There are 2 protein chains.
Amino acid sequence: MAAKRRRTAQQEHAADVATYVAAGGEESVQRVITALFSVTKKLDQWYVRQFADLDLTQGEWSVLAALARAGDTCLTPSQLADLSNVAPSSMTHRLDKMAGRGLLQRRPDESNRTRTLVSLTTDGWALFSAAVRESNVVESDTLRDLSDTERHELARLLEIVIAGLDDIEA
Amino acid sequence: MAAKRRRTAQQEHAADVATYVAAGGEESVQRVITALFSVTKKLDQWYVRQFADLDLTQGEWSVLAALARAGDTCLTPSQLADLSNVAPSSMTHRLDKMAGRGLLQRRPDESNRTRTLVSLTTDGWALFSAAVRESNVVESDTLRDLSDTERHELARLLEIVIAGLDDIEA
DNA sequence: ATCGAATATTTCGTCATCGAAGTTCGACTT
DNA sequence: AAGTCGAACTTCGATGACGAAATATTCGAT
C-alpha cells in the first residue's frame, strides 16, 4: 500500500532539487529538469518490460520508430544513427539483426551508390503499431491524474521548449 | 540560420504525434509523451558532450548523482543499480573504476556483512558540483523561452505526474 | 543448534556499443 | 579528364552491460 512509504515521491523530488540547487543549479531550472527525468526514467523502465514481450530492445525500438515517423521516405543508416543517438558503426549490426528478422529492408540508392536506403517491411509496420498500442497503456496510466486541460497545457509548454531546441547549439 | 530549415521542430513534432496516433495511440497522451522525449533526447546529447570534458560517462554520472542525492546516507551497490537503471552485476566494475579514480569509497557494513556501503569522497562531491554547474548552463538555455510563471506551471504539472508514478506498477 | 531459503555481491561468458581505420563512391578543382 | 577531398558505410579491437551461476552471509523454521 502506498501509505507505507516513508517519503512520498513528491518529498523525494523536492529533496533532489534541493541537492542540485545546493551544488550550484538554479532552482527554477532544476525543478523542471529533475521532474522531467524522473518521469522519463520511470517510463524507460516500463518500456524495457513491455518491449521484452515483443522481443524488442530500446535500441531496436528507436530504429523502428524513426522509420515509422519518416513515413514513405526511406532513411540512410547515418540518419538512423543520428535519430537514435548512436554511433554510425553501431547501426550496421543493429540493421543486420532487424533485417534478419524481416522488420526492415536495405537497398542501394541508385542516385548515390555510397548510400543505403532503409525502409520498414509490412512486418515492421505491424510491430511498430503493436508497440505503440502497448506502450500507450502505461503512458496513459502515467498521465491519469492530469485533466484534459492540464495535458493540453503541459504539451503546450513542452512544445515551446522544443521550438527553441535547434537554435541553441549554435 | 533557423529560417533555412524546411520544417520547424514544431511541425516535426506534430507529424510525429500524428504517426503515433495513426498507429493506435491516444492524441492527448502522445502529444505529451512525444514532447517529453524530444526534450530529454536533446538534453542527453548535450550531457554526453559536457560530461566528456569532466571525463564522465552518463553511467558514472548517474552513480555520482544518486550518491549526492542520498546526502549523508550511504548506499549499497544494489540500490545504486536500481537508481541507475542497470543490472547489479554491472555496478561492480563501474564502482571499481570510480573508486580507482578516488571519487567514492566502499566499506563493509558492520551490521550486515553481505552488504557494502558506498559513499562519495571529497573529490566525488567536487566533481558532482562541477557537473551540476556545467549542465545547468544547457538546461537553463533549454528553458530560456519560458517565463518564470510558465516554468512554475510546467514543474507543477510534472510533479502531479510524479506523485502518481509509484502507485502504477501495482 | 542446524538446516534451508533468501539476500547481496561478485565472477564469467556473451553480446552491444564505441572510436578509429579501411573501402568505395561522388563532387570539385585544376 | 585526372586527381584529390570528402561523405557513407563497414570492419576491427577494446570497453561496458547483461543474465546466469557461484560465493558469502543473514534470517526463519524445525
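So that the names make sense, note that chain A is the first sequence line, chain B the second, and so on, each numbered from 1. Model, not experiment: these values are computed from the prediction.
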Original post:
Between D:dC9, C:dT17, D:dC18, which nucleotide has the shortest distance from any of its atoms to the side chain of A:P77?
Top reply: D:dC9
Subject >> Distance-only side-chain donor-acceptor flag, B:S129 / B:R133, under 3.5 Å >> reply: yes
Original post:
What is the distance, rounded to the nearest whole Å, between atom CE of B:M91 and atom P of C:dT11?
Top reply: 15 Å
Could you go through nucleotides 26-29 of chain D and list every protein N or O atom that sits under 3.5 Å from one of its N or O atoms, giving the distance for each pair?
residue, atom, partner, partner atom, Å
D:dT26, OP1, B:R113, N, 3.4

Subject >> Within one Ile-Leu-Val-Met-Phe-Trp-Tyr cluster: B:I160 and B:L154, side-chain cutoff 4.5 Å >> reply: yes
Distances for protein N/O vs nucleotides 14-16 of chain D N/O pairs under 3.5 angstrom?
residue, atom, partner, partner atom, Å
D:dG16, OP1, B:K97, NZ, 3.0
D:dG16, OP2, B:H93, NE2, 3.1

Original post:
Separation of B:L75 atom CG from C:dT9 atom C1', in whole Å?
Top reply: 16 Å
Original post:
Is any side-chain N of the basic residue among A:R156 and A:E159 closer than 4.0 Å to the acidic one's carboxylate O?
Top reply: no
Original post:
Of the nucleotides D:dA17, C:dC18, C:dT9, which has the atom closest to the B:T116 side chain?
Top reply: C:dT9
Original post:
Considering only side-chain heavy atoms of A:T76, which listed nucleotide, D:dC9, C:dA8, D:dG19, is closest?
Top reply: D:dC9
**OP:** Quickly work out the A:D109 CG to D:dT10 P distance and round it to whole Å.
**Re:** 13 Å
Subject >> Residue A:S78, side-chain heavy atoms: nucleotide from C:dC18, C:dT10, D:dC9 that is nearest >> reply: D:dC9
**OP:** Please report, rounded to the nearest Å, how far the C1' atom of C:dT7 is from the CG atom of B:D82.
**Re:** 13 Å
**OP:** Measure the distance from CG on B:L117 to C1' on C:dT9 and round it to the nearest whole Å.
**Re:** 13 Å
Original post:
In whole angstrom, what separates B:Q58's CD from D:dA17's P?
Top reply: 11 Å
Subject >> Minimum-distance pair of heavy atoms, taken over all atoms of B:K42 and A:D166 >> reply: CE-OD1, 3.8 Å
Original post:
Hey, does A:L117 have a side-chain heavy atom less than 4.5 Å from the side chain of A:L75?
Top reply: no
